[in-house]
Amino acid sequence: MAKSLGRHIIAEFYECDKDILDDVDKIEELMKKASIESGATIVTSTFHRFLPHGVSGAVIVSESHFAIHTWPEYGYASVDIYTCGDHVDPWKSFEFLKREFNSQRAQTIEHLRGVYEEIGIDENSPHKVEA
């Protein structure tokens, strides 16, 4: 795999527990736990429940962000897991959320963000961000 500043997983969760997807407090709790599962450091979060249903929110982490939009009426959630740094594993977050949403089916696409070769960064260059 090419060296990059970040990894961005775009996840589609299908056939999920509709009650979980419509519970703003539960979604915020799960998204924060997913962030921690990956090894990320939480900075802040914001979540909103729409009427008659649906939740959107984001967890900002030192290593980037986790975002979600839910459609409980369809048992569907779309999630962005964007992490930077070698110590974070976004796939741990994906597996955690799949299990916690009781998702029967999921699809993902992973994009490398800021590929070193493409932006002219030496592979030995340090990149450290503090919260």
Side-chain angles (χ1 to χ4, degrees):
M1 179 185 309
K3 184 121 172 131
S4 65
L5 293 174
R7 297 167 68 189
H8 190 171
I9 295 173
I10 299 169
E12 312 273 346
F13 294 101
Y14 303 99
E15 301 169 38
C16 300
D17 183 313
K18 294 177 180 185
D19 292 330
I20 291 171
L21 295 186
D22 204 30
D23 183 334
V24 67
D25 294 327
K26 186 68 172 173
I27 291 295
E28 183 169 10
E29 172 192 335
L30 292 175
M31 291 296 286
K32 286 179 174 179
K33 285 183 178 179
S35 302
I36 293 165
E37 283 283 319
S38 75
T41 304
I42 296 172
V43 175
T44 192
S45 65
T46 185
F47 285 79
H48 177 79
R49 184 176 183 280
F50 295 96
L51 295 176
H53 37 71
V55 174
S56 288
V59 178
I60 305 305
V61 296
S62 294
E63 300 82 4
S64 200
H65 68 272
F66 292 66
I68 186 168
H69 303 283
T70 73
W71 286 262
E73 68 273 30
Y74 304 123
Y76 170 77
S78 64
V79 176
D80 285 3
I81 303 168
Y82 185 2
T83 62
C84 300
D86 296 332
H87 70 282
V88 184
D89 184 351
W91 288 104
K92 288 182 179 179
S93 298
F94 167 77
E95 292 298 335
F96 173 82
L97 291 171
K98 185 174 189 296
R99 180 178 65 250
E100 293 298 319
F101 293 163
N102 297 317
S103 175
Q104 300 304 302
R105 184 168 56 93
Q107 292 179 324
T108 60
I109 298 171
E110 182 177 4
H111 295 280
L112 296 180
R113 307 296 300 266
V115 175
Y116 278 30
E117 184 178 322
E118 296 296 322
I119 56 179
I121 296 175
D122 182 316
E123 284 202 19
N124 298 314
S125 295
H127 178 74
K128 180 165 174 58
V129 176
E130 294 185 20

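Values below: every heavy atom of this structure, side chains too, minus hydrogens, waters and symmetry copies.
- Contacts of Y82 classified as ring-ring contact (aromatic ring centres under 6.0 Å, His included), with partners at least two apart in sequence or in another chain: H8, H65.
- Side-chain contact between E95 and E37: absent, with no pair of heavy atoms (C-beta onward) separated by less than 4.5 Å.
- V55 has its side chain out of reach of L21: every pair of non-hydrogen atoms, C-beta onward, lies at least 4.5 Å apart.
- Within the model, atoms NE2 of H53 and CG of D19 stand 12.5 Å from one another, a figure rounded to the nearest 0.5 Å.
- Annotation: salt bridge (Lys or Arg N to Asp or Glu O under 4.0 Å) contacts of E15 (sequence neighbours excluded): R105.
- Closest non-hydrogen pair, S62 versus V43, comes out as N-CG2, 3.5 Å.
- The CD1 atom of I9 sits 4.0 Å away from atom CH2 of W91, with the distance rounded to the nearest 0.5 Å.
- Residues I10 and D80 have side chains in contact (heavy-atom distance under 4.5 Å, counting atoms from C-beta outward).
- The hydrophobic cluster containing W71, built from Ile/Leu/Val/Met/Phe/Trp/Tyr side-chain heavy atoms closer than 4.5 Å, also comprises Y14, Y74, Y76.
- Counting heavy atoms from C-beta outward, S103 and C16 have side chains that approach closer than 4.5 Å.
- Pairing each heavy atom of P72 with each of K18, the nearest pair is O-CG, 3.0 Å.
- Ion pair D22/R49 flagged as a salt bridge, since at least one NZ, NE, NH1 or NH2 atom sits closer than 4.0 Å to an Asp/Glu carboxylate oxygen.
- For the pair Y116 and L5, the minimum side-chain heavy-atom distance is below 4.5 Å.
- The shortest heavy-atom contact between R7 and P90 is NH1-CD, 3.7 Å.
- Atom-to-atom distance recorded for F13:CZ and I20:CD1 is 12.0 Å, nearest 0.5 angstrom.
- Counting heavy atoms from C-beta on, the side chains of V24 and H48 never come closer than 4.5 Å.
- At a threshold of 4.5 Å between side-chain heavy atoms, the hydrophobic network of Ile, Leu, Val, Met, Phe, Trp and Tyr places I81 and F96 in one connected group.
- Residues forming a side chain to side chain contact (heavy atoms under 4.5 Å, CB included) with I36 (at least two apart in sequence, or on another chain): I42.
- Take E28 and apply the side chain to side chain contact (heavy atoms under 4.5 Å, CB included) test, not counting sequence neighbours, and it matches K32, S45, F47.
- No single ILVMFWY cluster, assembled from side-chain heavy atoms under 4.5 Å apart, contains both F94 and V88.
- In this structure, CG in N102 is found 11.5 Å from CG in L97, a value given to the nearest 0.5 Å.
- Annotation: the span from T70 atom OG1 to I27 atom CD1 amounts to 5.5 Å, rounded to 0.5 Å.
- The two residues A106 and K98 make their nearest non-hydrogen contact at CB-CE, 3.9 Å.
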Yes or no on side-chain contact (heavy atoms from CB on, under 4.5 Å) for I68 and F101, after CA distance, side-chain angles and deciding distance? CA-CA 12 Å; I68 186 168; F101 293 163; 3.6 Å; yes

Begin with the C-alpha distance, continue with both residues' side-chain angles, and end with the deciding distance and a verdict on side-chain contact (heavy atoms from CB on, under 4.5 Å) for V115 and K3. CA-CA 6 Å; V115 175; K3 184 121 172 131; over 6 Å; no

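- When the salt bridge (Lys or Arg N to Asp or Glu O under 4.0 Å) test is applied to E29, the partners found at least two apart in sequence or on another chain are K26, K33.
- Between atom OG1 of residue T108 and atom CD of residue E12 there is a gap of 9.5 Å, rounded to the nearest 0.5 Å.
- The shortest side-chain heavy-atom distance between S56 and H69 falls under the 4.5 Å cut-off.
- A heavy-atom distance below 4.5 Å is not found between the side chains of S64 and T83.
- Panel note: side chain S93, backbone A34; a donor-acceptor pair is recorded below 3.5 Å.
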